[in-house]
Amino acid sequence: MLLRSRLVRPLLKANVRYAAGTEGPNNAILEMLKINKEEEAQSPDKNPYKIRAFTSAIKVISELDHPIQSAIEAKALKGVGPGILRRIQDFFDTSGHTPDVLDPAAADQLKRNRVARAELEQVTGIGPVKARQLVAAGCMTIEQLKTPPYLEMLTTTQQRIGVTYFHHLGERVSRAEAETVAQFIRDAIPSKYEVIIGGSYRRGAATSSDIDLIILHPDHVHVPVPLGTPSKVSTVSATKRNGALPASLLQSEVVPALQTRGILAAAMSSGDLKWQGIVLVPEPTDDQWGERQRRLAAIESGQGVYRRMDLNLVAQKSRGAALIALTGDTEFNRDVRIRASKVGMHLNEYGLWRWNENSEENSEEEGKDDSAGFWELVRAHTEEEVLRELGMEYVEPVKRNFSLVLGKGPARMKAKGKKR
DNA sequence: GTGACTGCGCATCTCC
DNA sequence: GGAGATGCGC
DNA sequence: GTCAC
């Protein structure tokens with residue numbers, strides 16, 4: 001135990017941030033795979049799915065808590081197929097690497113580390129990479145996270161807030177709480193805004209993990225067109241491509257109004273389209289909302305009921321597509337998006353898009369900037385329209401709980417032989 | 001063997 | 001200081 | 001590149 005804290009300090013100094021890869025039991029193999037991935041990424045005719053495959057194999061191997069003993073063992077991992085097996089085999093052959101044999105004590109330690117990582121990953125903002133770093137530094141519990149030196153390792157505001165409100169965020173959100181917050185917000189912002197509760201609430205769940213709000217306003221009309229082509233829709237986020245736009249209504253009006261009213265306890269992220277953070281659930285008094293000063297004081301002292309909340313500002317035109325995207329569940333969305341891509345379209349939260357090839361002369365005129373066509377918004381205004389365009393009957397939100405139907409948990413399930 | 005592989009906002013880090 | 005990659009969440 | 005078919 002004492003030893004640990006001594007070991008931690010140099011580690012912190014040595015800039016071991018992110019997946020720098022200077023730790024973990026399979027570092028050498030991971031470095032090799034990262035190079036392979038990089039080579040593919042540099043290639044003129046790179047295959048984005050191949051890059052993704054490398055990324056996925058790197059991820060699954062980096063989550064191992066013990067050295068890979070043989071190439072055969074790696075083959076059993078999901079995401080490791082013939083190609084990566086061969087690379088690992090070559091690695092063992094050429095590096096003269098002889099894996100250590102695990103003694104029982106070491107195996108036991110690995111198990112404890114695994115348990116610790118799982119615990120730390122319960123904190124919002126701590127994923128596999130950060131959890132591994134923390135456990136490597138000796139942090140085994142969430143309680144320890146709140147103390148030096150681990151607290152200093154939590155570099156993002158999301159992680160700090162995740163720890164601070166961990167106890168509150170473990171509680172489920174009741175339907176009444178979601179309704180209270182939504183109504184408070186409706187009262188706090190101009191009546192031109194429309195506020196819809198999405199997420200599992202809209203799917204009829206008795207309790208939710210957070211409050212998902214969809215906010216519409218007639219003046220918010222920005223519908224970004226997808227970048228790239230059907231085979232390769234760019235991953236450049238709207239954050240980048242929107243650089244020059246004026247601050248959105250979310251930033252200029254909604255968030256300030258809620259701050260003034262004293263229900264925003266902490267912001268994890270706050271952009272032009274999306275706000276994520278912690279809300280203090282207000283307590284209605286007789287026929288009015290309680291005192292703003294009391295809420296601000298409560299936030300100051302950590303009293304009251306706190307919940308995770310997402311605010312999403314959505315253009316009217318995107319209403320249907322956004323309702324689908326922000327209602328879920330994940331499996332339903334995956335299924336619908338796959339249907340779209342199967343008929344050559346693209347579905348995101350802004351709309352259902354069709355790709356139009358440019359005629360020969362058009363693309364010649366455009367030069368060689370490979371703009372061989374353009375995206376056209378097909379449907380997005382209502383959920384019914386979007387689904388019908390994809391040949392689907394309307395599906396009630398309450399019937400979109402595919403994860404429950406198909407199996408438990410967010411584990412990948414194929415959504416295939418379902419209703420057409 | 002063959003075709004499909006969800007998609008994206010925001011914060012932070014890296015690398016030039 | 002700007003572009004791109006990564007981590008994370010949903 | 002991997003995976004399901």
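Computation of the quantities below employed the complete heavy-atom set of this structure, encompassing side-chain atoms and omitting hydrogens, waters and symmetry-equivalent molecules.
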Arg175(A) charged N/C atom sitting above Tyr201(A) aromatic ring, 6.0 Å / 45°: yes
Residue pair Met140(A) / Glu119(A), side-chain heavy-atom distance below 4.5 Å: no
Whole-Å gap separating P (dA4(B)) and CZ (Arg339(A)): 15 Å
Same-atom distance (P) from dC8(B) to dG1(D), integer angstrom: 26 Å
Leu347(A) CG - dC8(B) C1' separation (whole Å): 12 Å
Minimum-distance nucleotide to Lys78(A) side chain [options: dA4(D), dG1(D), dT6(B)]: dA4(D)
Basic-acidic side-chain contact under 4.0 Å: Arg319(A), Glu194(A): yes
Parallel, tilted or perpendicular: rings of His346(A) and Trp375(A) (30°, 60°): tilted
Basic-acidic side-chain contact under 4.0 Å: Arg388(A), Glu385(A): no
Nucleotide N/O of nucleotides 8-10 of chain C paired with protein N/O under 3.5 Å:
{"unit_1": "dC8(C)", "atom_1": "OP1", "unit_2": "Gly127(A)", "atom_2": "N", "d": "3.0"}
{"unit_1": "dC8(C)", "atom_1": "OP1", "unit_2": "Lys130(A)", "atom_2": "N", "d": "3.1"}
{"unit_1": "dC8(C)", "atom_1": "OP2", "unit_2": "Val129(A)", "atom_2": "N", "d": "3.3"}
{"unit_1": "dG9(C)", "atom_1": "OP1", "unit_2": "Gly125(A)", "atom_2": "N", "d": "2.8"}
{"unit_1": "dC10(C)", "atom_1": "OP1", "unit_2": "Arg308(A)", "atom_2": "NH2", "d": "3.3"}

Pairing of Glu393(A) and Lys399(A) as salt bridge, 4.0 angstrom limit: no
Rounded interatomic separation in angstrom, taking CE from Met345(A) and P from dG7(B): 13 Å
Under 4.0 angstrom between Ser341(A) side-chain N/O and dT6(B) OP1 or OP2: no
Rounded distance (Å) that lies between atom P of dG7(B) and atom CG of Leu323(A): 19 Å
Ser318(A)-Glu349(A) side chain donor-acceptor pair, cut-off 3.5 Å: no
Distance, rounded to the nearest Å, where Leu250(A) contributes CG and dG9(B) contributes P: 14 Å
Sugar-phosphate, base or nothing in reach of Ser56(A), heavy atoms under 4.0 Å: nothing
dC5(B) to dC10(C) separation - P atoms, rounded to the nearest Å: 25 Å
Phosphate-side-chain proximity, Asn333(A) and dT6(B), N/O vs OP1/OP2 below 4.0 Å: no
No-H, no-angle donor-acceptor pair, Arg337(A) side chain to dT6(B) base, under 3.5 Å: yes
Touch class at under 4.0 angstrom, heavy-atom based, for Val80(A) against every strand present: sugar-phosphate
Presence of Lys37(A) side-chain N/O under 4.0 Å of dT6(C) phosphate oxygens OP1/OP2: yes
Nearest-Å distance for atom pair CD1/C1', residues Ile324(A) and dT6(B): 13 Å
Comparing Thr157(A) and Glu349(A) on DNA chain B - which has the more 5′ nearest nucleotide: Glu349(A)
Closest to the Ile84(A) side chain, choosing from dC10(B), dT2(D), dG7(B): dT2(D)
For atom CG of Leu273(A) and atom P of dG7(B), their distance in whole Å: 19 Å
Separation of dG7(C) C1' from Arg132(A) CZ (nearest whole Å): 15 Å
Polar contact flag, side-chain donor to acceptor under 3.5 angstrom, Gln109(A)-Arg112(A): yes
Arg334(A), nearest nucleotide to its side chain (from dG1(D), dT12(B), dT6(B)): dT6(B)
Closest listed nucleotide, where the reference is the side chain of Tyr350(A) and the choices are dG9(B), dC5(B), dC13(B): dG9(B)
